[in-house]
Protein chains: 2
Amino acid sequence: MQKAIQKRTIKTRAKLLSAAEAVVRSDGYQALRVEDVVKAAGVAKGTFFAHFNDKDALMEILIGERLNACLDQAEAGTPPKTVDEIIVALEPVHSFMTSERYVFDLLIRYSGATAIEDIGPIAYCFERYFRVVMLWLEAADMRKDVPPELLAEGVQAFAIQAMSLRFCALHSATTFTDRLETYLDAWLTPTS
Amino acid sequence: MQKAIQKRTIKTRAKLLSAAEAVVRSDGYQALRVEDVVKAAGVAKGTFFAHFNDKDALMEILIGERLNACLDQAEAGTPPKTVDEIIVALEPVHSFMTSERYVFDLLIRYSGATAIEDIGPIAYCFERYFRVVMLWLEAADMRKDVPPELLAEGVQAFAIQAMSLRFCALHSATTFTDRLETYLDAWLTPTS
DNA sequence: ATTTAATATTGACCGTGGTCATTTTTGATT
DNA sequence: AATCAAAAATGACCACGGTCAATATTAAAT
């Protein structure tokens, strides 16, 4: 029996979330301080941690929301058929994922669910990314010697690699898009 | 002119490093506390930060050292020729990289140099990993439609992906080795 | 041996995430 | 309306990474 959630609870939670969103809007994710959020929401610090396990849990919600919106956008257009089209279609997603170093690090850290029961918002988004890409690949003219699931996992791996290198001074000669295109050409349409 | 480093300095640094190593040996990287290290080394907290920019800088040194030793081991044997042999040869490296969640996260975070001038110990190890694998691939019977540099980057991307999934409950059905083998077979010896 | 400027060390202090015993509020029962 | 147990909120407190003005030590010059 897990009942009796008071109306107050959802109101407080909403106050915390909108206060947090306001902070992020004005100063970015990296700058968010729990103390600022609770002050803006008009509640005590302890209340924050009654609603979210830790600061990261709030971040997961905020970032997961935005990432889901980006994935909506990616899914909205006509399914891409070529490598270039796939990269274009995923651009909003990748752009948000690399919008802040802090965001990227957090995404990577929570990309996998630590326990089956609690798959977090970010792990869910990674699953969704995988699924979306897989469906595109199934319908596109790509190599057929390996299953589309594997191809999609590879796209994810290469996208993460390319995004990592975006933050790396040593490899800044090549742009993110060019690098990802090189990777995916070699992965999705080999000619050996 | 950047001279006049006192003998005291290297002695203090050595004390800090060996104290830190002792903590890691007994409790792991994750459990390391700066306060414990300085207490064991018999110096003040401020001294620690005169020697290392932050806690992560110390961690980079400790982890980089171990990782380099693993890479030594990987390079010691006869160069692997097949996918399976490559996976076996890299096993000590991957094993250490996933020995602790904390270690893996830190490795990813510092895998790229943020500025050309200061390439850290971990970024150096990633470069070395890349170079070692590339040399192996050059001499092995792999696909020839893409340059070995690209192949090696891909191996790194897939290894990271496989290691990430090791920490993920959702994907624990497949073992790390099996997954990496599937990836690398598809990447290094496509049959389309 | 003294002086002295550069270098190293110190530890009180701060920022910020997170805890928990105590107090307040809620809403169902009478 | 009064009661009361469960649920929510509170804020003083802690842990721990990191700072910096003050102090101590070194080693070269005299």
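This structure is a prediction, so every number in the text was calculated from the model and none was measured.
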(message) Are B:F104 and B:S164 packed together at the side-chain level, in the sense that at least one heavy-atom pair is separated by less than 4.5 angstrom?
(response) yes

(request) Could you check if a side-chain atom of B:L62 sits within less than 4.5 angstrom of a side-chain atom of B:R66, using non-hydrogen atoms only? (result) no

(message) Any heavy-atom pair between the side chains of B:M142 and B:T189 that's under 4.5 Å?
(response) yes

(request) Report the C-alpha distance between B:F130 and B:E149 in whole Å, list the side-chain angles of each, state the deciding distance to 0.1 Å, and finish with yes or no for side chain to side chain contact (heavy atoms under 4.5 Å, CB included). (result) CA-CA 8 Å; B:F130 161 77; B:E149 292 84 23; 4.1 Å; yes

(request) To the nearest Å, give me how far apart CG (B:L58) and C1' (D:dC16) are. (result) 15 Å

(message) Other residues, nucleotides and ligands only: do more than 12 of their heavy atoms fall within 6.0 Å of CG on A:D72?
(response) yes

(request) Would you check if A:L90 and A:W136 make a side-chain contact, meaning some heavy-atom pair closer than 4.5 Å? (result) yes

(message) Measure NZ/B:K39 against P/D:dA15 and give the value in whole Å, please.
(response) 11 Å

(message) Can you confirm whether B:L71 sits close enough to B:C125 that some side-chain heavy atom of one is under 4.5 Å from a side-chain heavy atom of the other?
(response) yes

(request) Would you jot down, in residue-number order, the residues of residues 47-57 of chain A having a non-hydrogen atom under 4.0 Å from DNA chain D? (result) A:T47, A:H51

(message) Output the rounded distance in Å from CD1 (A:I10) to P (C:dT26).
(response) 13 Å

(request) Take B:L137 and B:I86, measure what side chain to side chain contact (heavy atoms under 4.5 Å, CB included) needs, and give me the verdict at the end. (result) CA-CA 9 Å; B:L137 294 175; B:I86 287 174; 3.7 Å; yes

(request) Look at A:R109 together with A:D105 and state whether they make a salt bridge at an N to O cut-off of under 4.0 Å. (result) no

(request) Please report, rounded to the nearest Å, how far the C1' atom of C:dT9 is from the CG atom of B:L16. (result) 11 Å

(message) Rounding to an integer number of Å, can you tell me how far B:Y102 OH sits from D:dC16 P?
(response) 13 Å

Please list, pair by pair, any protein nitrogen or oxygen found under 3.5 Å from a nitrogen or oxygen in nucleotides 21-30 of chain D.
none

(message) In whole Å, I'd like the distance from the NZ atom of A:K45 to the P atom of C:dT19.
(response) 11 Å

(request) Output yes when at least one side-chain N/O atom of A:T12 is less than 4.0 Å from OP1 or OP2 of D:dA9, else no. (result) yes

(message) Rounding to an integer number of Å, can you tell me how far B:E35 CD sits from C:dG11 P?
(response) 13 Å

(message) Parallel, tilted or perpendicular: which one describes the rings of B:H94 and B:Y129, with boundaries at 30° and 60°?
(response) tilted

(message) What residues from residues 21-29 of chain A pass a heavy-atom cutoff of under 4.0 Å to DNA chain D?
(response) none

(request) Answer yes or no: is there a side-chain heavy-atom contact under 4.5 Å between B:T9 and B:H51? (result) yes

